[in-house]
*Asks:* 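Would you mind keeping the following structure in view while I ask a few things?
Because only heavy atoms are used, hydrogens play no part in the values below, and waters and symmetry mates are left out as well, while side chains stay in. Chain letters run A, B, ... following the sequence lines, proteins first and then strands; every chain starts at 1.
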Number of protein chains: 2
Amino acid sequence: MTANLAIDLDRSSPVPLYFQVAEQIAEAIRRGDLAPGSRLDNEILLADKLGLSRPTIRQAIQYLVDKGLLVRKRGVGTQVVHGQVKRSVELTSLYDDLRRAGQEPATQVLTLEPRAVEEEVAGILGVQAGSEVLYLERLRFAAGEPLAVLHNWLPVGLAALTAADLESRGLYELLRSAGVRMRVANQRIGARAATQAEARLLEERRGAPLLTMVRTTYDDQGRAVEHGSHVYRASHYSLEVTLIER
Amino acid sequence: MTANLAIDLDRSSPVPLYFQVAEQIAEAIRRGDLAPGSRLDNEILLADKLGLSRPTIRQAIQYLVDKGLLVRKRGVGTQVVHGQVKRSVELTSLYDDLRRAGQEPATQVLTLEPRAVEEEVAGILGVQAGSEVLYLERLRFAAGEPLAVLHNWLPVGLAALTAADLESRGLYELLRSAGVRMRVANQRIGARAATQAEARLLEERRGAPLLTMVRTTYDDQGRAVEHGSHVYRASHYSLEVTLIER
DNA sequence: TCGGCGCATTTGTCTGGACATTCTGACCTG
DNA sequence: CAGGTCAGAATGTCCAGACAAATGCGCCGA
């Protein structure tokens with residue numbers, strides 16, 4: 001085992017050394033140079049080879065363990081995980097997911113306006129009941145077919161959103177480029193039968209099963225930045241979630 | 001700010017010092033002694049107060065940052081997050097969830113037998129198509145009402161499961177006490193209309209919306225330990241998921 | 001032949017220190 | 001008074017080393 005992977009470091013780079021190491025090990029795993037189950041050199045040897053200290057090597061390895069690429073075992077060593085676990089733990093929006101799947105998403109903005117917020121949503125967003133928030137209603141298409149009806153509430157002043165922006169890019173992408181750093185999302189996923197109005201928008205029959213999702217997203221300060229209540233055509237869409245326990 | 005929290009350490013305990021510190025800070029946050037937004041003492045001062053080195057303090061704080069309880073900002077300090085984010089990132093089973101919610105779950109085992117596995121599931125579990133795996137079919141009740149139909153496939157030899165065990169405890173709990181260390185779960189969540197047979201089991205009408213979940217769980221080596229395909233009554237149940245981006 | 005003991009290996013925890021980077025706020029200047 | 005500049009404070013990164021604990025394997029004895 002212990003494939004002889006070549007790692008070169010740039011000490012003049014602003015990129016931390018532990019991160020350079022981690023990236024290159026991850027790349028070797030992706031390329032297949034490090035096969036699943038193969039053992040890495042032990043930490044001390046690795047540190048010696050690269051001219052780094054053991055804590056730095058440990059930080060690099062820990063980073064990859066957290067991402068689920070490596071497994072450490074005391075007394076044994078560090079191995080590349082077996083199995084082809086999908087690693088999609090990122091905070092993504094429907095738009096991102098669709099585009100990655102090559103589905104060519106399209107969006108129609110139905111409503112985009114400041115609106116006095118009802119009590120429940122106010123509590124979630126942490127603003128005063130009755131104050132104004134940005135209300136947003138969109139119809140999302142994929143491959144030319146209607147896929148979902150999306151309702152969102154956002155604190156005012158977070159980002160300057162226009163209908164044109166929203167029809168060409170995803171909400172999360174727009175928030176990110178406005179400097180919003182999303183970190184935690186809480187989602188409740190359920191199902192119910194379509195109402196008449198929903199059926200008409202989504203080109204389904206009344207009573208057709210819909211997937212529902214209520215999501216609140218928080219930034220790195222723990223402040224709510226977005227609350228959404230969405231319905232998806234169950235016949236055309238399902239959600240994928242990966243959980244990693246530390 | 002900088003509440004004067006008292007932390008006592010037991011150096012003779014096998015529990016790592018960083019973990020003792022982290023636990024007690026987390027407890028102070030839960031109790032409310034450390035209000036959201038309040039700043040912790042800086043790392044050096046904290047290390048000094050507790051008689052520990054800075055890396056140890058950093059490890060404790062990092063642990064809580066990963067769990068989403070604290071926020072660090074270079075040049076500023078470490079703060080308790082604002083907002084009441086729910087922190088349930090654990091790998092739990094339906095049984096655990098229900099019992100925690102005080103719902104008093106009950107289980108009826110419909111099938112429990114070794115069975116030749118079809119190709120698709122064989123590929124997922126990483127065994128040869130046609131070889132035998134443990135097949136399990138259960139009906140789950142909560143508060144006296146049928147809630148879900150659960151189908152599972154498990155590699156043979158993983159744990160000695162009996163119908164009696166399965167009717168008194170959850171599958172995950174049984175696996176854990178058999179020494180299985182589950183670490184990653186991949187779930188696909190969708191919805192569809194109930195078939196006649198499902199409707200009868202769940203006391204719903206045919207065509208009623210059901211929440212569907214297909215889940216594969218892997219251990220810390222990346223080996224599949226469980227594959228399940230479940231349907232839930234959407235009228236009685238929804239799933240909650242929390243995502244934390246690092 | 002089989003079971004248990006001990007040893008080598010490897011990661012886990014902890015120390016003490018150094019310098020770099022980033023953010024905030026006060027001060028100074030135009 | 002507005003703007004930029006600089007110093008202080010805090011976290012981020014990195015080093016060198018020490019001891020502890022768990023694992024797996026080989027050796028040895030029954």
*Asks:* Earliest and latest nucleotide of DNA chain C, 5' to 3', sitting under 4.0 Å from a non-hydrogen atom of chain A?
*Replies:* C:dT9 to C:dT13
*Asks:* ring-ring contact (aromatic ring centres under 6.0 Å, His included) with A:His227: which residues, sequence neighbours excluded?
*Replies:* A:Trp153
*Asks:* Would you give the length of the straight line joining atom CG of B:Leu69 to atom CD1 of B:Ile61, rounded to the nearest 0.5 angstrom?
*Replies:* 12.5 Å
*Asks:* Is there a donor-acceptor contact under 3.5 Å linking the side chains of A:Gln20 and A:Asp10?
*Replies:* no
*Asks:* Does B:Glu137 have more than 12 heavy atoms from other residues, nucleotides or ligands lying within 6.0 Å of its CD?
*Replies:* yes
*Asks:* In the structure I gave you, are the side-chain heavy atoms of A:Leu64 and A:Thr78 within less than 4.5 Å of one another anywhere?
*Replies:* no
*Asks:* Please state whether the rings of B:Tyr135 and B:His151 are parallel, tilted or perpendicular, taking 30° and 60° as the class boundaries.
*Replies:* tilted
*Asks:* Once each nucleotide of nucleotides 9-16 of chain D is scored for protein heavy atoms under 4.0 Å, what B/S/- sequence comes out, 5' to 3'?
*Replies:* BBBBBSBB
*Asks:* Of the non-hydrogen atoms in A:Val156 and A:Glu132, which two are nearest, and what is the gap between them?
*Replies:* CG1-O, 3.5 Å
